[in-house]
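Both ligands and their constituent atoms are indexed starting at 1 by order of listing. Excluded from the calculations below are hydrogen atoms, water molecules and symmetry mates; all remaining heavy atoms, backbone and side chain alike, are included.
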Amino acid sequence: MNTPGDNKIAGTLEVVKDAAALAARAAQIVAERLGGAKYPFRIVLSGGSTPRAAYQLLAYQDNDWSCAELFFSDERFVPPDHPDSNYRMVRETLLAGGLVHPRKLAAIPTDGTPQSAAERYDEILRQQYGAGTLEHGVPLFHLTLLGLGDDGHTASLLPGQPVLEERERWAAAVPQGRAEPRITLTYPALESSALILFLVSGAGKRDALAKARRGVGPAGAIVPEGKVLWLADAAAAGQ
Ligand code: 6PG
């Protein structure tokens with residue numbers, strides 16, 4: 001857990017003017033990382049609404065995704081064509097332009113039970129990593145995009161839920177806390193990232209952003225192995 005003293009999670013804060021500038025800057029960071037990527041370049045795609053605009057920009061840019069393997073930070077336990085599905089959101093944005101062809105796209109299963117789906121995703125992650133235990137200095141993910149909830153959650157690491165204590169599995173079910181059960185990457189998986197890029201937009205996130213960077217709340221509890229960049233618009237940064 002991140003203790004206030006060693007808050008690596010504070011990372012670097014970059015403030016941009018507004019939501020449109022945030023989308024453009026996020027797309028630029030992803031494109032820069034793709035430009036230097038070697039296979040396998042594992043990317044976590046955040047769910048939620050904030051990343052939509054960045055995904056829409058990337059959908060029509062000429063980037064080379066052939067080294068990329070795409071994963072999801074979390075998923076709502078609904079069918080892939082459900083309006084709440086993060087996979088559907090990515091399909092309708094990032095993949096809509098027909099130019100983004102990753103080597104692999106690993107959607108989180110939402111069939112069977114939440115528990116079995118989480119176990120299957122956990123297994124996919126271990127297969128792609130090539131080992132069953134995470135090695136310091138050998139990140140599971142090379143770029144992890146995450147959002148921030150106004151309650152301080154990220155992915156589906158929701159306040160007060162047992163998943164916050166999960167330190168063995170890399171993916172877990174979150175049966176309570178939201179309208180639908182969720183499947184989420186866990187702290188061990190998210191912490192094994194070379195770069196975590198948080199995308200935070202809007203005045204409603206101001207308090208959660210300030211607290212998270214001080215190590216408070218589920219997002220603040222991440223103990224990152226790599227770098228952390230908080231990309232926020234002026235409204236979220238309180239400027
Ligand atoms: C989800 C996301 C979740 C999201 C935050 C912020 O599935 O909803 O993974 O963690 O990133 O709730 O959501 P917004 O970007 O919609 O504010």
For atom 8 (O) of ligand 1, closest protein heavy-atom neighbour: Arg76 NH2, 2.7 Å
For atom 17 (O) of ligand 1, closest protein heavy-atom neighbour: Lys205 NZ, 2.7 Å
Distance-only N or O hit between ligand 1 and Ser156, under 3.5 Å: no
Within-4.5 Å side-chain heavy-atom neighbours: Pro80 and Thr110: yes
Atom indices of ligand 1 within 4.0 angstrom of Ala155 heavy atoms, with elements: 3 (C), 9 (O), 10 (O)
Non-hydrogen side-chain atoms of Leu145 and Val30 separated by less than 4.5 Å: yes
Nearest-neighbour protein heavy atom for atom 9 (O) of ligand 1, which is reported as residue plus atom name and distance: Asp74 OD1, 2.5 Å
For Ser73, atoms of ligand 1 separated by under 4.0 Å from a heavy atom: 9 (O)
Name every donor-acceptor pair, under 3.5 Å, that has one atom in a side chain of residues 94-106 and the other anywhere in the protein, sequence neighbours excluded.
{"residue": "His101", "atom": "NE2", "partner": "Gly98", "partner atom": "O", "Å": "2.9"}
{"residue": "Arg103", "atom": "NE", "partner": "Ser66", "partner atom": "O", "Å": "3.0"}

Aromatic ring pairing Tyr121/Phe71, orientation class (parallel under 30°, perpendicular over 60°, tilted between): perpendicular
Taking atom 5 (C) of ligand 1 as the reference point, the nearest protein heavy atom with its distance: His153 NE2, 3.4 Å
Neighbour count above 12 (heavy atom, 6.0 Å) for Arg33 CZ: no
Minimum heavy-atom distance between Gln161 and Val174, given as atom pair plus value: CG-CG1, 4.1 Å
Which of the ligand 1 atoms, numbered from 1, are nearer than 4.0 Å to a heavy atom of Ser46: 11 (O)
Atom 14 (P) of ligand 1 - nearest protein heavy atom and its distance: Ser49 OG, 3.5 Å
N or O pair under 3.5 Å between Asn86 and ligand 1: yes
Residue pairs, two or more places apart or on separate chains, that pass ring-ring contact (aromatic ring centres under 6.0 Å, His included) and touch residues 188-211: Phe198-Trp230
Short N-O contact, Asp233 and Lys205, less than 4.0 angstrom: no
Beyond-backbone contact of Met89 with Arg52, side-chain heavy atoms, under 4.5 angstrom: yes
Which of the ligand 1 atoms, numbered from 1, are nearer than 4.0 Å to a heavy atom of Leu148: 6 (C)
Any Glu75 heavy atom less than 4.0 Å to ligand 1: no
Protein heavy atom at shortest distance from atom 15 (O) of ligand 1: Thr50 OG1, 2.6 Å
Gly147 neighbourhood, listing ligand 1 atoms whose heavy-atom distance to it stays under 4.0 Å: 11 (O)
